[in-house]
Number of protein chains: 2
Amino acid sequence: MPKADDPNQTTPKPGQRKAGAATKTPTRTEMVHEALRQAIIEQQLSPGARLPEDMIGDSFGTSRTIAREALLRLSVEGLVDLRPNRGAFVANPTLDEGRDIFVVRRGLERMVVLQLAGQLNADQIAELQRMLDHEEMTGARDEREAIRLAGEFHLRLAEMTGNKLLVHYLRETVSRCSLVLTIYGRPHSVDCGIDEHRQIIEALIAGQGDQAADLMEHHIEQVAGRALLETRKPRSVQEVLSSYATRIAQD
Amino acid sequence: MPKADDPNQTTPKPGQRKAGAATKTPTRTEMVHEALRQAIIEQQLSPGARLPEDMIGDSFGTSRTIAREALLRLSVEGLVDLRPNRGAFVANPTLDEGRDIFVVRRGLERMVVLQLAGQLNADQIAELQRMLDHEEMTGARDEREAIRLAGEFHLRLAEMTGNKLLVHYLRETVSRCSLVLTIYGRPHSVDCGIDEHRQIIEALIAGQGDQAADLMEHHIEQVAGRALLETRKPRSVQEVLSSYATRIAQD
DNA sequence: CAAAAAAAGATCGCATGCAATCTTGACATG
DNA sequence: CATGTCAAGATTGCATGCGATCTTTTTTTG
């Protein structure tokens, strides 16, 4: 859990932006936003947990204003549930919602590969190959890192389309998928098969868009299937009840 | 332009929620957010226009806090451009970005019809038919209303999938498309052909998903094509320059 | 007179305060 | 002893204030 007792509490000097001219002012809100985002998708904050503004402000050494803004952003991304006059909670999607999220992801990834088929240049191909090699090496060693790298592969692919909105939506959806997997996923499932990634790249290079699309849809289906359908892993009582609680509170 | 000189400026009583128990507390932020959203997609606020927090607060009789939150939400939706330390502007996407938006919309709409093919029940079919009739009647009379109804048709279709995330993304993308059309669209193009809508419904009822998907993609392509490719309508000098100005300011 | 420097004005980033609302626990009542 | 009522505590919704930053205008200087 991120905890930074910032000393500028008494002397707030928000404008300390001189060193790296290239970096475009990471405002405090963005920092808190990103930190919370990471904490959630890395399972440091479990679904359903309360996120009081005061607590977040104290943790990061800022005021509630910042926390509030970060929470608002996260709620738009679907990682946080914002209940009026009640407060913020780490999102706790139902199994059905989880399936819906994967449906959307499948469609978005399909768009990506259809756009990319036969359009990749040599540099891009080289970069993707490098990422796959890196993935493969890390795979057996560090599981959490492997998951992160797999997600980044999908995102990098999307970025190569040059379609900002597509990247934006895919990034959000991948985050949501991470959250869903922390709730319903089995603990030791390496989510992305690297072979499948390689096959997709092959099809993209060959310019076989439909083939790549089918492979990608199958690939996402695999991930979703392994996590959501096959094994209904026994959840803790707390998780089950909190899920029911949210359903009640919504009426 | 929405302007409501709220008299509770001096005596702010935000909790006036008793009449309709069914309505779930439309908080001030949400109201301002929705009002601005409408103003933008209905062309009451032209792309590139400045949106100072103070001005918005004054217009709605609230503080900057509310305006700020609404602007943040709108920026996530892509209707507002938020430049750090500079302020908010009505989004002014480039032609390329506009095309990207339509690409995403095409993909999302494809997902919708694939989900829906052969799944519609009698009530849903009846409702859709009713909407189409209504569209057809309004068509010639009130152009702006016709455009709104056409958009609602697409959205209602999405809602019938029951996929919250899909609805969310499609709603955002439709809004963005409206904005793009206000910039690059020809003035008197009725964007959605009602016949095309009817054909799609027919295919959905018949359970021909691929057929419906093709029709839908073609339909969106039509709209995008009419607006973005065919006629490069001469834009006002102000619009052209403001677009250049933003490009310069970003470096 | 043009260009740079400085001052003034406008607007944002953020912190903080107060009232409204929700939650929790004490107390009364059948 | 269970249940309903109410007061205390916690937390949010919103407004406002101050310093920082960006923009524009004015002044200075070559």
Side-chain angles (χ1 to χ4, degrees), chain A residues 4-18 21 23-33 49-75 80-89 242 245-246 248-251, chain B residues 4 6-18 21 24-33 49-75 80-89 242 245-246 248-251:
Chain A
D5 204 40
D6 196 333
N8 358 348
Q9 248 170 312
T10 52
T11 311
K13 31 176 160 170
Q16 47 183 8
R17 57 191 60 164
K18 50 179 141 195
T23 62
K24 58 161 179 61
T25 313
T27 165
R28 299 245 254 296
T29 295
E30 285 171 38
M31 292 174 58
V32 173
H33 173 211
R50 286 208 69 204
L51 297 172
E53 297 174 357
D54 280 330
M55 192 205 80
I56 295 171
D58 290 346
S59 297
F60 290 95
T62 69
S63 78
R64 289 195 303 126
T65 306
I66 303 294
R68 217 179 145 70
E69 224 176 286
L71 288 172
L72 179 60
R73 292 178 126 104
L74 289 168
S75 88
V80 157
D81 203 8
L82 225 51
R83 300 234 225 341
N85 282 318
R86 298 280 315 280
F89 303 78
S242 77
T246 61
I248 289 170
Q250 279 174 352
D251 291 331
Chain B
D6 196 334
N8 4 347
Q9 247 170 315
T10 52
T11 310
K13 29 178 159 170
Q16 46 185 6
R17 59 188 60 166
K18 49 177 140 206
K24 56 160 181 62
T25 311
T27 165
R28 298 245 255 297
T29 296
E30 286 171 39
M31 292 176 56
V32 174
H33 172 211
R50 286 209 71 206
L51 298 171
E53 297 173 358
D54 280 330
M55 192 205 79
I56 296 172
D58 291 345
S59 297
F60 290 94
T62 69
S63 77
R64 291 195 301 127
T65 306
I66 302 293
R68 214 180 147 70
E69 225 177 286
L71 288 172
L72 179 60
R73 291 178 126 105
L74 289 168
S75 87
V80 156
D81 202 8
L82 225 51
R83 300 235 227 338
N85 281 319
R86 298 281 315 281
F89 303 79
S242 79
T246 61
I248 290 170
Q250 279 173 354
D251 290 331

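These numbers come from the heavy atoms of this one structure, side chains and all, not from hydrogens, waters or symmetry mates.
Between B/Arg86 and D/dT21 there is no side-chain N or O to OP1 or OP2 distance below 4.0 Å. Side-chain N/O atoms of B/Arg83 include none lying less than 4.0 angstrom from OP1 or OP2 on C/dT11. Residue A/Thr29 places at least one side-chain N or O under 4.0 Å from the OP1 or OP2 atom of C/dC14.
Closest approach of A/Ala67 and A/Ile56 over heavy atoms only: CB-CG2, 3.6 Å.
The side chain of B/Ser63 has D/dT16 as its nearest neighbour among D/dG13, C/dA15, D/dT16. Side-chain proximity of B/Pro52 to D/dG13, C/dC14, C/dC12: nearest is C/dC12. The nucleotide whose nearest atom lies closest to any side-chain atom of B/Ile66 is, among D/dA15, C/dT21, C/dC14, D/dA15. Distance from the side chain of A/Arg64 is smallest for C/dC18 among the nucleotides C/dC18, C/dG13, C/dA15.
Two residues, B/Leu71 and B/Thr65, neighbour DNA chain C, and the one matched to the more 5' nucleotide by heavy-atom proximity is B/Leu71.
Distance check: B/Leu82 CG to B/Arg68 CZ gives 7.5 Å after rounding to the nearest 0.5 Å. Taken to the nearest 0.5 Å, the CD atom of B/Glu53 stands 11.5 Å off from the CD1 atom of B/Ile66.
One can place CG of B/Leu82 at 7 Å from P of C/dG13, the figure rounded to the nearest angstrom. Here the P atom of nucleotide C/dA15 and the CG atom of A/Asp58 are 12 Å apart, to the nearest Å. Between the CD atom of A/Glu69 and the P atom of D/dT12 there is a distance of 16 Å, given to the nearest Å. Rounded to whole angstrom, the span from the CZ atom of A/Arg68 across to the C1' atom of C/dA15 amounts to 14 Å. The CD1 atom of A/Ile56 sits 16 Å away from the C1' atom of C/dA15 (whole-angstrom rounding). The distance between atom CZ of B/Arg28 and atom C1' of D/dT12, rounded to the nearest whole Å, is 14 Å. Atom CG of A/Leu72 is separated from atom P of D/dC14 by 12 Å (rounded to the nearest Å). Rounded to an integer number of Å, the gap from CG of B/Asp54 to C1' of C/dG13 is 13 Å.
A/Arg83 forms a cation-pi arrangement with A/Phe89, by the criterion of a distance under 6.0 Å to the ring centre and an angle within 45° of the ring axis.
Under the 4.0 Å criterion applied to side-chain N and carboxylate O atoms, B/Arg73 and B/Glu30 are not assigned as salt-bridge partners.
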